[in-house]
*Asks:* 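Before I ask anything, here is the structure I am working with.
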Amino acid sequence: MTEELDSAIRRLLQNAHSVVIVSHIRPDADAVGSLLGLGLPLLAAGKQVQMVLQDGMPEKYSFLPGADRVTRSIESGYDTLITVDCSEPERTGQLLEGLGAPDLVIDHHQTNPNFGKLNIVVPEASATAFVLANQLPRWGLSVDADTAQCLLAGILGDTIGFRTSSTDAQTLRAAADLMEKGADLSLVYRQVLLSRSISELRYWGQGLIKTQYEDNILWTVLTLDDRIKAVYPENDDADLVNLLSSVSGPFVVVLFVQQAPDRVKVSWRSIEGIDVSSIASTFGGGGHAAAAGADVTGSLQEVIAKVLEKTKNVLVGR
Ligand code: AMP
Ligand code: MN
Ligand code: MN
């Protein structure tokens, strides 16, 4: 990180009185952990802070300190707008519509076009929470036990418990440092990665029985109906995609999660050497080489056909 960028961010945060922080729809642990992991130190520094998620705080992460402060819409009167873990403005849902460029974008997606006035985008970082763990002290903000807990949740979520190829020695050092500051690894690990509800299990079941394997692609679907049958309260995939990507053999895993009759969330996961973020980009999405996503308009059948065709084309000759 350049000194210049660091001091510009430090100035921005020091001069801020009322800060809005937003993260992405269908929030994951890194979205939530980064939101709280920046919001809590700003509150401690005496700022007014709105922490906003259009989809609200998932029940699963309500154990995190400050979770009950998260709201679902932005109230006017703020002076500083920040996004965390968002590769593009649309990832926030409709929150940024009509607001202009955020003052600061903090992210780790290689597809991020740097849509903020200031941008700290670190594609090699294992999580946005890892970027924050490194940068907060340089920006004059201190990391207390609550903040450390939130940041560790973000790192554990995006590295799936330190097992992705993005997990490097620096990430482990940052995690150790957060533990020394008071984060409870075993609690966070259990809450973020191990604990499952019966609903999640039933929802997985709906997807698992429909799993198909063709041309080195393992794929399945979660419909709106599956969600109702499983009484699953969120609109995400309950991490089914990570379960599918633990299957050995497939080059690519694709999961289709119906969001509305004409809208489908697509998730890709790939083995080393296959960049699925480029496929996601052609559908208006983005992400990382090994894990990418897109929100695609069309019926489930249309989206499945288009996405599988594009994905197969990328795998031709492998
Ligand atoms: P997911 O499949 O939702 O777990 O997301 C995998 C990666 O792709 C994450 O890094 C997301 O930030 C990114 N991603 C997911 N959905 C989208 C989208 N609609 N647009 C851009 N990036 C996305
Ligand atoms: Mn995320
Ligand atoms: Mn992330």
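Since we're looking at a predicted model, the values are computed, not measured. FYI, side chains are in, hydrogens and waters are out, and symmetry mates aren't considered; it's all heavy atoms of this structure.
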*Asks:* Nearest heavy-atom pair of Asp103 and Asp79: which atoms, and what distance?
*Replies:*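 Shortest heavy-atom contact: OD2-O, 3.8 Å.
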*Asks:* Sorted by first residue and then second, give each ring pair (Phe, Tyr, Trp, His ring centres under 6.0 Å) pair with at least one member in residues 286-308; sequence neighbours left out.
*Replies:* His108-His288, His109-His288
*Asks:* Is it true that, when you exclude Gln212 itself, more than 12 heavy atoms of the residues, nucleotides or ligands shown sit nearer than 6.0 Å to its CD?
*Replies:*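 Check passes, neighbour count above 12.
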*Asks:* Would Lys310 and Phe283 count as a cation-pi pair here, with the cationic atom under 6.0 angstrom from the ring centre and within 45° of the axis?
*Replies:*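 Checked: cation-pi criterion met.
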*Asks:* For Glu75, does the CD atom have more than 12 heavy-atom neighbours from other residues, nucleotides or ligands under 6.0 Å away?
*Replies:*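 No, because the 6.0 Å sphere around CD of Glu75 holds 12 heavy atoms or fewer from other groups.
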*Asks:* Picking from Leu35, Asp28, Val22, Val32, what satisfies side chain to side chain contact (heavy atoms under 4.5 Å, CB included) with Asp85?
*Replies:*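 Only one of Leu35, Asp28, Val22, Val32 forms a side chain to side chain contact (heavy atoms under 4.5 Å, CB included) with Asp85, namely Asp28.
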*Asks:* Please check if the number of heavy atoms outside Arg69 that lie under 6.0 Å from its CZ is greater than 12.
*Replies:*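 Counting other residues, nucleotides and ligands, CZ of Arg69 stays at 12 neighbours or fewer.
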*Asks:* Let me see the working for Gln94 and Gln54 under side-chain hydrogen bond (donor to acceptor under 3.5 Å, both in side chains), right down to the final yes or no.
*Replies:* CA-CA 8 Å; Gln94 280 80 48; Gln54 181 170 298; 3.2 Å; yes
*Asks:* Does the salt bridge (charged side-chain N to carboxylate O under 4.0 Å, His left out) test come out yes or no for Asp6 and Arg138, once each step is laid out?
*Replies:* CA-CA 7 Å; Asp6 260 339; Arg138 296 173 199 234; 3.6 Å; yes
*Asks:* Go through Lys229 and Asp225 one step at a time and tell me if the salt bridge (charged side-chain N to carboxylate O under 4.0 Å, His left out) criterion holds.
*Replies:* CA-CA 6 Å; Lys229 278 192 193 133; Asp225 197 41; 3.3 Å; yes
*Asks:* Please report the C-alpha distance between Thr164 and Thr167 in whole Å, then the side-chain angles of each, then the deciding distance to 0.1 Å, and finally whether the side-chain hydrogen bond (donor to acceptor under 3.5 Å, both in side chains) criterion is met.
*Replies:* CA-CA 6 Å; Thr164 58; Thr167 308; 3.2 Å; yes
*Asks:* Does Lys210 come within less than 4.0 Å of Asp226, counting only side-chain N to carboxylate O?
*Replies:*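 Salt bridge: yes.
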*Asks:* Could you check whether Asp295 pairs with Arg26 (Lys NZ or Arg NE/NH1/NH2 to Asp/Glu carboxylate O, under 4.0 Å)?
*Replies:* yes
*Asks:* Applying salt bridge (charged side-chain N to carboxylate O under 4.0 Å, His left out), which residue pairs with at least one partner in residues 183-207 are found, sequence neighbours left out?
*Replies:*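 Pairs touching residues 183-207 that pass the test: Arg196-Glu200, Arg196-Asp239.
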*Asks:* How far apart are the closest heavy atoms of Cys86 and Asn112, and which atoms are they?
*Replies:*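 Scanning both residues, the minimum pair turns out to be O-ND2, 3.1 Å.
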*Asks:* Below 4.0 angstrom, N of the basic side chain to O of the carboxylate: do Glu234 and Arg227 qualify?
*Replies:*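 Answer for the salt bridge query: no.
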*Asks:* Cut-off 3.5 Å, side chains only: do Gln110 and Ser277 have a donor facing an acceptor?
*Replies:*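 Per modelled atom types, Gln110 and Ser277 side chains form a pair under 3.5 Å.
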